[in-house]
Amino acid sequence: MRVRMAPSPTGPLHIGTARTSLYNYLTARHEGGTYVLRIEDTDTARSTVDFERDIIDNLHWLGISWDEGPQVAGGDDVGAHGPYRQSQRLERYREESARLLESGAAYHCWCTPEELEAVRKEQEARKEAPRYNRRCLNLSDEERAAFAAEGRPSVIRFRVEAEPIRFDDLVRGEVEFDNALLGDFVIVRNDGMPLYHFVVVVDDEAMEITHVIRGEDHLSNTPKHIALIRALGYHEPRFGHIPLILNADRSKMSKRKSQTSMTAYREEGYLPEAMVNFLAFLGWSPGTEEEVFTLDELEDRFELSKVHKGGAIFDRDRLDHLNGVYIRALSDEQLALRLRGWVPDAVRDDDLLHLVPLIKERLVKLGDAPSLIGFVWEPDEVVASWYSPELLHPKKGGPPEARAALEGALRVLGELDDADFSADVLEQRCREAADDLAMKAGDFFTPIRVAITGRTVSPPLFASLEMLGRDRSLARVADAIEKLAEVAA
RNA sequence: GCCCCCAUCGUCUAGAGGCCUAGGACGCCACCCUUUCAAGGUGGAGAUCAGGGGUUCGAAUCCCCUUGGGGGCACCA
């Protein structure tokens, strides 16, 4: 079995492309097949090497690897079926279109876009299917020669036979189309660049692809491909059309309505293993109630035959949940390592490691870390700017209660030396202080929490104090008291 | 407009004729734990299986129709 993914570098890696790539990858691995990456860059106007890099890097990031094709953006090919970039295969396409021309399966067409548009309008007015009227197929030799002599550029059209096309789709079963409804479509543009439907067929043959697994949006294009395959005398691969990933309104997932670029999710701090797990379950399930799977396990369990037919909405809540599951499953050391990019360089590795237990179970995405523990490395003024004096008030209480708690804290913290400034001791002393003041523990802690972290929601208070250290903690409590006073004045 | 595909809680899904008075997960709501928030635990609301016809002793599961949704019909991929 040989399968492939064929992204077009006309944009960053799309969630849908990633999922299709994943399904291909899993199928190849599960069946012991070969996986090929082909870059479909015939749209020279929109393709860039930067997009190619985004696609390849993100695929690697997800843990998807391939046996043939470029491994690095702009890099050399690996594999015996290259080149793997369509822009480097132009000669082959030219030869194959020449064969089609010669056999009469394709013909030159000189119609201008304006002429085509006029015909289309007429057909619409008559409620006919809009398709090419074959004017150029029926040209006399003299007319043809005249156009050619004129030097007018021409496209090459494939002559579609009026016949039913039937195939057994790997996920949908028997599907039948009537090619009599199809018009003769263009396979080579008038500037000589071959078009998608044509190159995809040429390449799949050249790369000996046996199973074409792609999005359902290609289902109705398949009869075109099969017609082309037959005209060229190629081997017909099996086709499998997987369901689409949908926007919240059930339309095909799009940039307009959803965040579709993998890079964006990566930058928010989703883990690749969570993304893979999530994507795999959008349209597939093992048929059991298990739902947390590593890539390895997916390779083992994935079966194309269990892929669904209906589309699935991309549900961020579910992704978030899974991401949390994977984050919590990481060791402190592993999580600290992953967090490195989200935390300032000034924060030392061993400090970061100590911070990890404070946030591990409240992290949804890695990118949430700064808002949770930023108070540790941000300067006092910055943290103070995060809150207004009213936030210092305990739930049931106002400025007097806040002041009492903060002054109590100032005294308690001041009594401890650096060696005793640990979460355990801190908690014990603060509880005693709360008792002395006849305050509920929670009411006593709230003003301190806000003074220290700048927020009403934070990691556990005493561990936070310990991380901050005696001097900075005292300074922040003092700042808070001052802030309270300013309002009173 | 034409062609094709699809249809189980809000969402992802289990379900391949009797195990289904439809199960799980996310989300939501309560309660417990608790210094906040999470995490965790317990419980709950939530689907007449889109609707209607068949087939069958028996249908979420098979067939047909309707409805709804989606995709495709480019000198984009």
Side-chain angles (χ1 to χ4, degrees), chain A residues 6-11 17 40-43 45-47 86 109 111-113 116 120 123-124 127-131 153-157 169 171-172 175-179 181-183 185-197 199-200 215-224 241 243-244 246 248-252 278 281-292 308-322 324-325 328 359-364 372 395 427 430-431 434 440-446 448-450 453 455-462:
Chain A
S8 182
T10 53
T17 308
E40 309 225 324
D41 57 353
T42 52
D43 185 350
R46 296 193 299 143
S47 298
Q86 293 182 330
C109 170
C111 293
T112 64
L116 259 17
R120 217 186 329 264
Q123 289 169 328
E124 264 169 45
K127 299 214 175 199
E128 285 173 16
R131 58 186 144 142
S154 66
V155 302
I156 299 175
R157 278 182 192 279
D169 192 276
V171 350
R172 271 145 232 284
V175 183
E176 184 177 332
F177 288 86
D178 184 2
N179 269 9
L181 268 16
L182 243 45
F185 56 94
V186 177
I187 57 174
V188 179
R189 303 204 310 199
N190 70 186
D191 64 0
M193 280 305 278
L195 257 12
Y196 173 76
H197 296 305
V199 296
V200 75
E216 192 196 334
D217 46 351
H218 281 301
L219 187 58
S220 22
N221 289 327
T222 304
K224 289 180 187 169
H241 291 91
L244 263 18
L246 276 22
D249 65 2
R250 299 214 148 265
S251 55
K252 179 164 78 162
F278 173 71
F281 275 70
L282 244 34
W284 173 85
S285 102
T288 65
E289 286 179 353
E290 306 159 276
E291 43 200 359
V292 179
H308 307 153
K309 296 174 184 160
I313 292 174
F314 187 96
D315 179 13
R316 190 67 94 101
D317 283 336
R318 202 178 177 76
L319 210 210
D320 283 348
H321 170 256
L322 259 184
V325 168
R328 273 171 256 129
I359 57 171
K360 192 196 252 180
E361 59 197 20
R362 23 204 130 226
L363 225 41
V364 172
L372 252 26
K395 200 177 283 174
E427 173 160 12
C430 284
R431 283 189 188 280
K440 290 182 65 179
D443 289 342
F444 184 65
F445 299 162
T446 296
I448 308 174
R449 176 190 309 287
V450 174
T453 68
R455 308 184 192 278
T456 54
V457 169
S458 79
L461 180 55
F462 304 106

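Just so we're on the same page: letters track the sequence lines, and every chain starts at 1.
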Among [options], the one nearest [X] by side-chain distance:
| X | options | value |
| --- | --- | --- |
| A/Arg449 | B/G69, B/C73, B/U35 | B/U35 |
| A/Ile313 | B/C12, B/C75, B/C73 | B/C12 |
| A/Val175 | B/A74, B/G72, B/C4 | B/C4 |
| A/Asp317 | B/C76, B/G70, B/C26 | B/C26 |
| A/Asn221 | B/C73, B/C12, B/C37 | B/C73 |
| A/Phe462 | B/U11, B/A77, B/U35 | B/U35 |
| A/Phe177 | B/A77, B/C3, B/G23 | B/C3 |
| A/Ser251 | B/U36, B/A74, B/G71 | B/G71 |
| A/Arg157 | B/U35, B/A77, B/C75 | B/C75 |

Do you know the tightest heavy-atom contact between [X] and [Y]?
| X | Y | value |
| --- | --- | --- |
| A/Asp443 | A/Lys395 | OD1-N, 4.2 Å |
| A/Ile313 | A/Ala248 | CD1-O, 3.7 Å |
| A/Lys309 | A/Val171 | CE-O, 3.3 Å |

Which part of the nucleic acid, if any, lies within contact of [X], taking any heavy atom under 4.0 Å across all strands shown: a base, the sugar-phosphate backbone alone, or nothing?
| X | result |
| --- | --- |
| A/Ser8 | sugar-phosphate |
| A/His308 | sugar-phosphate |
| A/Val155 | base |
| A/Pro113 | base |
| A/Ala312 | sugar-phosphate |
| A/Pro460 | base |
| A/Gly283 | sugar-phosphate |
| A/Tyr196 | base |
| A/Thr42 | sugar-phosphate |
| A/Pro223 | nothing |

Between [N] atom [atom2] and [X] atom [atom1], what is the distance in whole Å?
| X | N | atom1 | atom2 | value |
| --- | --- | --- | --- | --- |
| A/Asp320 | B/C26 | CG | P | 13 Å |
| A/Glu291 | B/U11 | CD | C1' | 13 Å |
| A/Leu246 | B/C12 | CG | C1' | 12 Å |
| A/Arg120 | B/C2 | CZ | C1' | 15 Å |
| A/Arg328 | B/A38 | CZ | C1' | 9 Å |
| A/Asn179 | B/C2 | CG | P | 19 Å |
| A/Phe444 | B/U35 | CZ | P | 14 Å |
| A/Ile359 | B/A38 | CD1 | C1' | 12 Å |

Can you say whether the rings of A/Phe278 and A/Phe314 are parallel (under 30°), tilted (30 to 60°) or perpendicular (over 60°)?
-> perpendicular
Rounding to an integer number of angstrom, what distance separates [N] and [M] when you compare their [atom1] atoms?
| N | M | atom1 | value |
| --- | --- | --- | --- |
| B/C29 | B/C76 | C1' | 48 Å |
| B/A45 | B/U55 | P | 37 Å |
| B/C37 | B/G43 | P | 23 Å |
| B/C62 | B/U8 | P | 13 Å |
| B/G23 | B/G40 | C1' | 23 Å |
| B/A47 | B/U21 | C1' | 13 Å |
| B/G69 | B/U11 | C1' | 16 Å |
| B/G46 | B/G10 | C1' | 9 Å |

Within less than 4.0 Å of OP1 or OP2 of [N], is there a side-chain N or O belonging to [X]?
| X | N | value |
| --- | --- | --- |
| A/Lys309 | B/G70 | no |
| A/Arg431 | B/U35 | yes |
| A/Thr456 | B/U36 | no |
| A/Arg362 | B/U34 | no |
| A/Arg250 | B/A7 | no |

Answer yes or no: side-chain N or O of [X] and base N or O of [N] forming a donor-acceptor pair under 3.5 Å.
| X | N | value |
| --- | --- | --- |
| A/Asn190 | B/C75 | yes |
| A/Arg172 | B/C5 | no |
| A/Arg318 | B/U11 | no |
| A/His321 | B/A25 | no |

If you pin A/Asp178 and A/Leu244 to their nearest nucleotides in RNA chain B, which one's is more 5'?
-> A/Asp178
For A/Leu282 and for A/Val171, find the nucleotide of RNA chain B with the closest heavy atom, then tell me which residue's nucleotide is more 5'.
->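 Its nearest nucleotide being more 5', the pick is A/Val171.
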Scan every strand shown for a Watson-Crick or G-U wobble partner of [N], both distances under 3.5 Å, and answer none if you come up empty.
| N | value |
| --- | --- |
| B/C20 | none |
| B/G1 | B/C73 |
| B/C28 | B/G44 |
| B/A7 | B/U67 |

Does [X] reach the main-chain N or O of [Y] with its side chain, forming a donor-acceptor pair under 3.5 Å?
| X | Y | value |
| --- | --- | --- |
| A/Ser285 | A/Phe281 | no |
| A/Asp41 | A/Gln86 | yes |
| A/Thr222 | A/Leu219 | yes |
| A/Thr42 | A/Leu195 | no |
| A/Asp169 | A/His241 | yes |

In terms of side-chain geometry, is the basic nitrogen of A/Arg172 or A/Glu216 positioned less than 4.0 Å from the acidic oxygen of its partner?
-> yes
